[in-house]
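I have placed the structure first, in the form of structure tokens, so that the comments after it can refer back to it.
Quick note on labels: first sequence line is chain A, next is B, and so on, each numbered from 1. This is a predicted model, so every value here is computed, not measured.
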Protein chains: 2
Amino acid sequence: MNLKQLSEILGLSQTTVSRALNGYPEVNEGTRIRVQAAADKHGYRPNSRAKGLATGRSMVIGHVIPTSSQHEMVNPIFGDFVAGAARTYAENNYDMMFTHAPDTSIEESYRSLFNRGVVDGVVLQGPKVHEPRISVLSRMGVPFIVHGRSTHAEEPYDWIDVNNQRSFERATRFLIDLGHKRIALINGLEEMDFARRRRNGYMTALEKSGIAPDPNLLRSAEMTEIYGHQTACDMLKLSDPPTAILASSIISAVGVRRALEENGLKMGRDISVIAHDDELSYMRNGMDVPIFTATRSSVRHAGELAAEMLIERINAPNAPPKTRLLEAELVVGSSTGPAPQRT
Amino acid sequence: MNLKQLSEILGLSQTTVSRALNGYPEVNEGTRIRVQAAADKHGYRPNSRAKGLATGRSMVIGHVIPTSSQHEMVNPIFGDFVAGAARTYAENNYDMMFTHAPDTSIEESYRSLFNRGVVDGVVLQGPKVHEPRISVLSRMGVPFIVHGRSTHAEEPYDWIDVNNQRSFERATRFLIDLGHKRIALINGLEEMDFARRRRNGYMTALEKSGIAPDPNLLRSAEMTEIYGHQTACDMLKLSDPPTAILASSIISAVGVRRALEENGLKMGRDISVIAHDDELSYMRNGMDVPIFTATRSSVRHAGELAAEMLIERINAPNAPPKTRLLEAELVVGSSTGPAPQRT
DNA sequence: CGCAATATTCAAAGCGCTTTGAAAACGAGT
DNA sequence: ACTCGTTTTCAAAGCGCTTTGAATATTGCG
């Protein structure tokens, strides 16, 4: 069923039918009702390609997912972020398009999506400290929003981010206040902007308390369970092992926990652990009582907000840049406690 | 840059330029090279909406992701399945579209995608034992593939699935052979087809060995870490607790492990655990030595194959239905061992 | 009742591509 | 040089929608 057929059935012109369905004022109310009824009855839906051609809008938003070429791994927070965004898109009649691209050809992917007119805007995920994609998109003059920020970006751009620096500074200070001095940071990849900021927060807290950072207690890689486990095992073998560990993700924290258990250590008593909790729906940090003391910020909620901001940008391409900084909560669970007295 | 502009620059008709770029034979080889060069130089890419309108194909494949309305959770295997599919799509010049829909309106989503001409085919994920979506899509006569199967589907359809029944039967038998008699199954939601088949496999193995199933040792819910933990805790409190546990996912198995540790039990010695391992990239089952003894089948690989099969179907709508049954490996890790002798 | 103002409807152009059917250019054969 | 068969190129129609500019119906008012 297309517009032409529908209008013939109704004995009206395509113009009138189109206007009736799109809510234009210059159509008789009785006609509109009649048209709407017929459309419903026949299950008519405008062909979105034709509509897009005519309007110049695709009503599609693109997400280009970087396949970290080295590791071929799917970022686990992706699922929940997208779930949040998808909800907002649906409310605003946008569809969501995905492209998986290796790190090296992401720029190309963006170009392709826009030049082919496939999308009206894109979400840039996982920005690095040096992030070439931001200037590419800026120069292309297309609507986009960054989930996260890039420290070395020169031009202004829309972003939404968690205050990673502050939350990790607070978490570190929390541990210091409990008497810990040997505090490890099991971080994400250093080239990622969020990881850099977390590290900065960690460093700042140590500095303010006059604790010299120990490079042995600082590690960064992609945040898998295996990595958390391996790193924790390594650190426990040090002559002067950490008494507290900050983990950049619940997933690597699970690996840390496994390492501790294998070594007969009890979390919260022998060693304290704080994790960053993105509130992944399949990996919740406990129910009523958190398993891990954690810096908490819902990545799903970030997805919702990011989508909103992007849609605003699409509707007002020349509005001044908007940014949004979310604060993470620090929730206390049973994985932290006073530093054990070493006599 | 559109076709018209490009053809004006070249002093050729749109027809010729279009044919040159699409590899039609009736264009002079010299011309083709000249056209291709100009297209590259100007970064010309055909508008995909216009192209779609003209060809009647959208070159887009849709995934409708059910938001389990009750739980609002993102299925964790989703990310890896999609990563696999995306790769195949990219190779075949398909884009990938996502729609998030509550369980109740998924049918509506499919209709919308096809009627609006947004997609050429869809992937149906997470089929239930009774799966109305399959007959809906069959009746619509559109290309689709099911990841999994539906026991009570009447019409034939394309699917790709893991042999869940056999793999769980083998896993159960493996435990029985180790002397276990009290074997628990921490399963996915019972209405899901895969969960039903796993349960059947489990039951069959028990039956064949003359072990009476105990309803206290059978639980099903969405496979989160919390659920695995909670269920294991409950079961350990039984007067006659299990000596072995089958977990339907690595994620719930992690929860089981946490419960065991809290109770001072050592996995593999005091209690055996087998998990189903989808080889999620962020939750690998160990490196060289598996953490869990597991039934293993890569969901990413399934995604790749599913995409291939769907594209074949789109290209040959009337070919006979194709199905593909993958066998899971049974890999042995350190989470299993002989049943403890209770004297 | 007649005319201007307003409300409602319409035909046709255009979005950027593919594809049909026709025309032009070329080359070989006589 | 002329015809005929091939190659190569082209103009125009069509995909299904929106939107412009014009036409027709209706209403209000003197």
Side-chain angles (χ1 to χ4, degrees), chain A residues 1-36 38-39 42-60 93-95 111-120, chain B residues 1-36 38-39 42-60 93-95 111-120:
Chain A
M1 171 65 57
N2 61 26
L3 184 60
K4 191 175 174 192
Q5 295 165 347
L6 183 63
S7 59
E8 275 164 7
I9 289 176
L10 284 160
L12 288 169
S13 73
Q14 298 188 33
T15 310
T16 304
V17 176
S18 168
R19 288 196 157 138
L21 294 174
N22 288 310
Y24 281 74
E26 59 270 69
V27 46
N28 184 291
E29 204 46 37
T31 315
R32 181 190 312 273
I33 289 167
R34 201 160 61 89
V35 169
Q36 191 58 261
H42 295 90
Y44 167 75
R45 335 236 170 166
N47 180 301
S48 68
R49 278 179 266 119
K51 191 164 184 162
L53 239 203
T55 57
R57 282 224 183 169
S58 64
M59 297 307 282
V60 174
N93 292 313
Y94 276 88
D95 286 319
R111 284 224 138 74
S112 166
L113 286 177
F114 281 105
N115 290 353
R116 292 185 302 140
V118 174
V119 301
D120 291 337
Chain B
M1 171 66 57
N2 60 26
L3 184 59
K4 191 174 174 195
Q5 295 165 345
L6 183 63
S7 60
E8 275 164 6
I9 289 177
L10 284 160
L12 289 168
S13 72
Q14 297 188 33
T15 309
T16 304
V17 176
S18 169
R19 289 195 157 139
L21 293 174
N22 288 312
Y24 281 74
E26 60 270 71
V27 46
N28 184 292
E29 203 47 36
T31 317
R32 181 190 312 274
I33 290 168
R34 200 161 61 90
V35 169
Q36 190 57 259
H42 295 91
Y44 167 74
R45 328 229 178 176
N47 181 300
S48 67
R49 276 177 269 123
K51 191 164 184 163
L53 238 203
T55 58
R57 284 230 182 161
S58 64
M59 297 306 282
V60 174
N93 292 314
Y94 276 87
D95 286 319
R111 285 225 138 75
S112 166
L113 285 177
F114 281 104
N115 291 352
R116 292 184 303 140
V118 175
V119 302
D120 291 338

Residues from residues 17-30 of chain B sitting under 4.0 Å of DNA chain D, heavy atoms only?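 Of all residues in residues 17-30 of chain B, the ones placing a heavy atom under 4.0 Å from DNA chain D are B:Arg19, B:Glu26, B:Val27, B:Asn28.
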
Atom [atom1] of [X] to atom [atom2] of [N]: distance rounded to whole Å?
| X | N | atom1 | atom2 | answer |
| --- | --- | --- | --- | --- |
| B:Asn47 | D:dC17 | CG | P | 17 Å |
| B:Asn115 | D:dG16 | CG | P | 13 Å |
| B:Asn2 | C:dC17 | CG | P | 5 Å |
| B:Arg57 | D:dG14 | CZ | P | 23 Å |
| A:Arg49 | C:dT18 | CZ | C1' | 13 Å |
| B:Arg45 | C:dC17 | CZ | P | 13 Å |
| A:Met59 | D:dT18 | CE | P | 12 Å |
| A:Leu53 | D:dG14 | CG | P | 17 Å |

If we only count heavy atoms from C-beta on, is the A:Arg32 to A:Tyr24 side-chain gap below 4.5 Å?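 They are not in side-chain contact.
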
Close side-chain approach of A:Thr16 and A:Val27, heavy atoms under 4.5 Å: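 Sidechains of A:Val27 and A:Thr16: in contact.
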
Are A:Ser18 and A:Thr15 close enough that a side-chain donor and a side-chain acceptor fall under 3.5 Å?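 Checked: A:Ser18/A:Thr15 side chains show no N/O donor-acceptor pair below 3.5 Å.
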
Base, sugar-phosphate, or nothing for A:Thr31, non-hydrogen atoms under 4.0 angstrom?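 Sugar-phosphate only.
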
Students often get this wrong, so: under 4.0 angstrom with heavy atoms, is B:Thr15 touching a base, only sugar-phosphate, or nothing?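 Base, at least one base heavy atom under 4.0 Å.
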
Nearest-nucleotide pick for A:Ser13, side chain only, options being C:dA11, C:dG16, D:dC10: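 Taking heavy atoms from C-beta onward, the closest nucleotide is C:dA11.
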
Nearest 0.5 angstrom please: B:Asp95 CG to B:Ser58 OG, how far?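 Between B:Asp95 CG and B:Ser58 OG, I get 9.0 Å after rounding to 0.5 Å.
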
To the nearest 0.5 angstrom, please state how far the OH atom of A:Tyr94 sits from the CZ atom of A:Arg57.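 Atom-to-atom, A:Tyr94:OH and A:Arg57:CZ are 4.5 Å apart.
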
Is the shortest side-chain N/O distance from [X] to OP1 or OP2 of [N] below 4.0 Å?
| X | N | value |
| --- | --- | --- |
| B:Lys51 | C:dT18 | yes |
| B:Tyr44 | C:dC17 | yes |
| B:Thr16 | D:dT9 | no |

Within residues 3-10 of chain B, which residues have any heavy atom lying less than 4.0 Å from an atom of DNA chain C?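 Output list: B:Leu3.
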
Would A:Leu6 and A:Met1 count as a side-chain contact (heavy atoms from CB on, under 4.5 Å) if you check the C-alpha gap in whole Å, the side-chain angles of each, and the deciding distance to 0.1 Å? CA-CA 7 Å; A:Leu6 183 63; A:Met1 171 65 57; 3.9 Å; yes

Give the minimum heavy-atom separation between B:Leu10 and B:Arg34, together with the two atoms involved.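 The pair with the smallest heavy-atom distance is O-NH1, 3.5 Å.
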
B:Ser7 side chain to B:Leu3 main-chain N or O, any donor-acceptor pair under 3.5 Å?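 Looks like yes, one N/O pair under 3.5 Å.
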
Exam field: side chain B:Arg49 to backbone A:Gly117, donor-acceptor pair closer than 3.5 Å: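 It does hold such a pair.
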
